[in-house]
Engineer: 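Let me begin by handing over the structure; questions about it come next.
Keep in mind the model is a prediction, meaning the values are calculated, not measured. The sequence lines fix the lettering, A, B, ..., with proteins before strands; numbering per chain opens at 1.
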Protein chains: 2
Amino acid sequence: MGENFEMRLKEFKEYMTRIEYLNSATSVLSWDMMVSIPKKGKAYRSDVLGYLSSESYKLQTSDTMKEFIDYFISQENLDDVTESMVRNAKKSYDQTKKIPEDRYREYVVLASNSFSAWEEARAKSDYSIFKPYLEKIVKFNQEFLEYWGYEGNKYNTLLDLYEPGITVEKLDKVFGELREAIVNLLEKIQKSSVKPNTDFFYKHFTKEEQEEFGVFVASKLGYDFEAGRIDVSAHPFTTTFDNKDVRITTRYDENEFRGALFSTIHESGHAIYEQNIPDELKGTGLATGVSMGVHESQSRYYENILGRSKEFWKYFYPEAQKRFKQFEGVSLEEFYKAINVVEPSLIRTESDELTYSLHIIIRYEIEKELINGRISMDELPKVWNAKYKEYLGVEPKNDAEGVLQDMHWSDGSFGYFPSYALGNLYGAQFLSKLLKDIPDYYSLVERGEFDKIHEWLKENIHKHGSVYKPADIIKMVTGEELNAKYFIEYLNNKYSKIYNL
Amino acid sequence: MGENFEMRLKEFKEYMTRIEYLNSATSVLSWDMMVSIPKKGKAYRSDVLGYLSSESYKLQTSDTMKEFIDYFISQENLDDVTESMVRNAKKSYDQTKKIPEDRYREYVVLASNSFSAWEEARAKSDYSIFKPYLEKIVKFNQEFLEYWGYEGNKYNTLLDLYEPGITVEKLDKVFGELREAIVNLLEKIQKSSVKPNTDFFYKHFTKEEQEEFGVFVASKLGYDFEAGRIDVSAHPFTTTFDNKDVRITTRYDENEFRGALFSTIHESGHAIYEQNIPDELKGTGLATGVSMGVHESQSRYYENILGRSKEFWKYFYPEAQKRFKQFEGVSLEEFYKAINVVEPSLIRTESDELTYSLHIIIRYEIEKELINGRISMDELPKVWNAKYKEYLGVEPKNDAEGVLQDMHWSDGSFGYFPSYALGNLYGAQFLSKLLKDIPDYYSLVERGEFDKIHEWLKENIHKHGSVYKPADIIKMVTGEELNAKYFIEYLNNKYSKIYNL
């Protein structure tokens with residue numbers, strides 16, 4: 001690693017920094033488009049975003065980039081960060097360069113039209129409008145997989161885009177175990193005589209009061225408002241401009257209490273992760289959460305494992321009662337049960353902590369077969385509905401509340417869904433280690449002292465950014481490979497108590 | 001103008017569009033930095049902005065740009081838009097390319113440090129901190145003028161940066177006449193027994209009420225909220241992302257009524273101008289107001305000529321009284337006098353419609369001499385204070401309320417100040433024509449019917465964007481060259497009535 005190496009590395013980082021700047025600008029413009037833009041400004045903004053994206057794309061796929069990759073790949077004994085930086089750059093370089101340019105261009109156009117078709121199809125609840133587009137999208141993905149190559153199942157390569165290192169073989173096992181456990185548990189819960197009352201959540205809560213409480217909770221958890229802010233958008237999201245400006249959004253329903261609050265806590269989990277990524281990773285392309293799955297493990301840990309625990313509300317409920325007269329006469333126990341009520345539903349985004357994973361597993365099972373050409377476009381809605389019936393005991397009355405509910409397939413994001421359920425599994429596995437490392441975890445939570453937990457997450461997970469692969473992180477942190485055991489245990493424990501099973 | 005010409009023009013416009021995209025992105029990021037950014041996000045944002053600016057700069061000064069310019073300059077019989085497009089591109093190309101790169105880089109660093117020094121100097125009210133920086137800034141400008149060249153007075157070239165075509169010869173004349181007229185009028189006003197009461201403006205007005213009224217007035221005037229929005233920032237401004245997204249900001253003082261309202265009206269004037277620029281000018285670099293001065297003519301027309309007229313308030317005052325109980329018992333006449341009270345002050349940004357131009361004329365007179373090396377750095381504060389004493393009858397007690405009050409010199413924006421007063425002159429000259437073209441002007445205003453006026457401004461001024469030079473616009477619209485007569489008449493008429501002169 002002589003002088004030349006250091007010089008090249010410096011150049012490489014400067015080059016990556018330009019990509020990061022463009023991506024940061026793109027994120028600001030997109031955030032503004034979701035949060036602030038006046039109606040008529042959207043068309044031009046799309047053009048500007050298209051331009052910036054294409055500039056970033058050019059840098060990511062340039063000959064200069066290839067030279068950097070070739071040079072560093074030929075070097076031995078790279079440190080973890082540099083190795084990861086090169087692997088990462090190579091992955092996105094290959095992902096694009098292996099596809100013939102004209103095919104990729106056709107695909108981009110198709111994906112855009114497909115999204116419009118999906119919107120129309122959902123509005124009209126008519127799958128047949130979307131079907132021809134979906135068929136083409138799937139075929140394109142199958143074609144791309146031939147360019148990209150794959151090991152074992154074709155779908156592995158798509159999974160790898162969102163969750164590096166995860167495979168069908170692995171997921172079949174953990175999702176299989178998880179599905180069985182949840183379906184069993186759900187059956188018992190539905191037979192239980194415990195029926196939590198949730199009426200008090202449907203009173204009137206002003207936007208301002210909800211917002212203030214959300215800010216109070218998020219601050220307590222460690223979301224740094226000097227490096228972020230909360231705004232309103234149609235769909236809640238988190239976006240990173242850099243680790244010092246990580247913004248979240250939520251939406252307020254003045255006639256329902258839980259939605260805004262838990263989405264704020266969820267997004268705070270994502271944002272705390274991003275805020276904790278160290279400055280040193282800037283200029284490497286690694287200054288962001290490592291994968292969708294690990295990201296969801298953080299947001300779901302905050303939202304569910306922590307945010308729907310009894311200890312959490314032992315601390316926050318008195319404050320909530322002080323602020324919201326609507327909870328007068330509602331005991332902590334009643335409140336706790338009500339935020340954990342289990343109700344199998346048709347819509348993923350409205351589902352509870354227990355059944356959420358089933359929604360994902362259904363999508364995983366279907367995607368896998370679609371990509372391998374084992375479900376036809378015609379039978380897709382039937383397969384969908386049958387799985388909902390079998391696992392959740394509910395059946396869509398139409399396509400809009402069935403196969404058309406999510407936008408993910410319209411732009412070809414196959415392989416993305418599993419991350420959501422992986423987040424649950426990772427989260428519970430992290431929790432088991434967290435409890436060993438911080439024996440007084442529960443009493444800290446009861447006292448509203450979240451610093452140690454925040455610090456643990458930062459030191460064990462956040463500070464690594466994207467340096468290590470998800471599987472490595474799990475292993476480094478917990479000493480074990482990913483497995484479903486911890487999450488299943490967690491669910492059994494939690495719901496047995498709530499539902500007297 | 002054969003096929004090749006058309007093809008080259010298309011390419012040129014595509015090239016200009018890239019610059020416009022970058023500038024739009026830069027504007028969004030800057031707006032966000034003024035309006036939304038969390039504290040810790042500013043440092044990285046500055047870096048991103050620096051990067052985008054340098055990318056835009058590269059495009060503006062590239063060899064490709066030179067080829068476009070050379071090609072189109074050699075063509076004959078260009079239409080107005082193309083000719084202007086080339087002239088404009090050439091101007092900004094030359095402006096940069098004529099300066100040796102290392103000198104320019106030094107200057108950028110100096111300007112940045114100079115701004116910090118100015119901030120500190122103003123905070124400590126100590127000119128000596130700023131003096132060495134100002135001295136260097138002036139020297140750099142003098143050096144640049146040698147590269148750029150000049151005709152007549154050196155200062156002409158600087159004026160031309162902000163107000164193409166305006167010269168010292170012209171300004172000496174119109175500003176001379178204007179100064180004399182205002183000083184005379186001010187003398188009479190100060191002797192008048194009329195002393196408008198403004199107490200009722202210092203009651204408590206909530207931010208929300210002020211905002212609602214501001215939105216009401218701005219909408220009535222024709223500011224399109226589907227192509228814009230109002231936010232809060234430390235200093236009010238207008239920014240254009242494209243003609244369909246032109247945003248304004250204001251600031252609210254809950255203990256003073258006028259500030260936020262008139263700044264909203266002022267910025268609405270800028271914004272209406274930008275919203276009315278036609279789509280066809282996109283991709284030419286001309287899709288923006290033609291000059292600072294013409295821009296100010298629009299904002300000041302809305303704020304002062306229209307917004308502080310009695311007819312305007314005949315319409316709006318009943319609405320204001322309905323909304324603000326604070327005005328109970330205050331007659332329209334009293335209200336009207338109170339928004340037009342004349343009070344010579346030390347601070348430009350706090351001055352009234354009459355004396356505002358004197359603040360500008362003082363700066364013009366000083367800048368001109370500074371650039372020509374006829375005022376030394378040591379005597380500058382004394383010259384400043386003496387002119388305030390002479391023209392306005394007030395004298396700064398310290399540097400902060402004197403020579404240090406504006407940031408403009410800290411980044412070397414010499415030649416910018418005159419635009420503000422030119423706006424007043426243009427505005428009154430436009431008014432004289434407006435009154436001829438719309439004989440029922442005053443009764444329209446009294447009835448709150450602003451469409452015809454809006455349309456007149458759009459057709460005569462706004463729709464041209466930057467296609468014609470300011471002097472050409474004035475001539476085209478009014479048939480006369482710029483002169484001080486109309487504004488002086490306007491002032492004499494208005495204040496004679498208010499102050500019974």
Engineer: Any chance NZ of Lys207(B) has more than 12 other-residue heavy atoms, nucleotides or ligands included, within less than 6.0 Å?
Structural biologist: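 Yes - once you tally the heavy atoms of other residues, nucleotides and ligands closer than 6.0 Å, there are more than 12.
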Engineer: With a 4.5 angstrom heavy-atom cut-off, is it the side chain or the backbone of Leu52(B) that approaches chain A, or both, or neither?
Structural biologist: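 Only the side chain of Leu52(B) comes within 4.5 Å of chain A.
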Engineer: Please evaluate residues Phe241(A) and Val48(B) with respect to the criterion side chain to side chain contact (heavy atoms under 4.5 Å, CB included), reporting the C-alpha separation (whole Å), side-chain torsions for both, the decisive distance (0.1 Å), and the verdict.
Structural biologist: CA-CA 10 Å; Phe241(A) 304 155; Val48(B) 177; over 6 Å; no
Engineer: Let's test your reading of the structure: which of Thr17(A), Val28(A), Thr26(A), Leu22(A) forms the most heavy-atom pairs below 4.5 Å with chain B?
Structural biologist: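 Most heavy-atom pairs within the cutoff with chain B belong to Val28(A).
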Engineer: Between Arg247(B) and chain A, which part of the residue has a heavy atom less than 4.5 Å away: side chain, backbone, both or neither?
Structural biologist: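 Just the side chain, heavy atoms under 4.5 Å.
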Engineer: Give me the one residue out of Asp279(A), Asp245(A), Asp224(A) that meets salt bridge (Lys or Arg N to Asp or Glu O under 4.0 Å) with Lys40(B).
Structural biologist: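 By the salt bridge (Lys or Arg N to Asp or Glu O under 4.0 Å) criterion, Lys40(B) pairs with just one of Asp279(A), Asp245(A), Asp224(A): Asp224(A).
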Engineer: Who wins among Ser36(A), Gly41(A), Gly228(A) for the most heavy-atom pairs under 4.5 Å with chain B?
Structural biologist: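 Of the candidates given, the most pairs with chain B belong to Ser36(A).
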Engineer: Salt bridge or not between Asp47(A) and Lys282(B)? Use side-chain N to carboxylate O under 4.0 Å.
Structural biologist: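 No, no charged N to carboxylate O under 4.0 Å.
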Engineer: Just give me the residue among Ala227(A), Gly50(A), Pro38(A) that pairs up with chain B most often, heavy atom to heavy atom, under 4.5 Å.
Structural biologist: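 Max contact count across the listed options: Pro38(A).
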Engineer: Which heavy atom of Ser24(B) sits nearest to which heavy atom of Tyr44(A), and what is that distance?
Structural biologist: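 Scanning both residues completely, I find the closest heavy atoms to be OG-CE2, 3.7 Å.
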Engineer: Pick whichever of Glu226(A), Arg229(A), Lys39(A), Lys244(A) has the most heavy-atom pairs under 4.5 Å with chain B.
Structural biologist: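 Most heavy-atom pairs within the cutoff with chain B belong to Glu226(A).
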Engineer: Can you find a pair of side-chain heavy atoms, one from Glu20(B) and one from Tyr51(A), that are under 4.5 Å apart?
Structural biologist: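 No, too far: nothing below the 4.5 Å cut-off.
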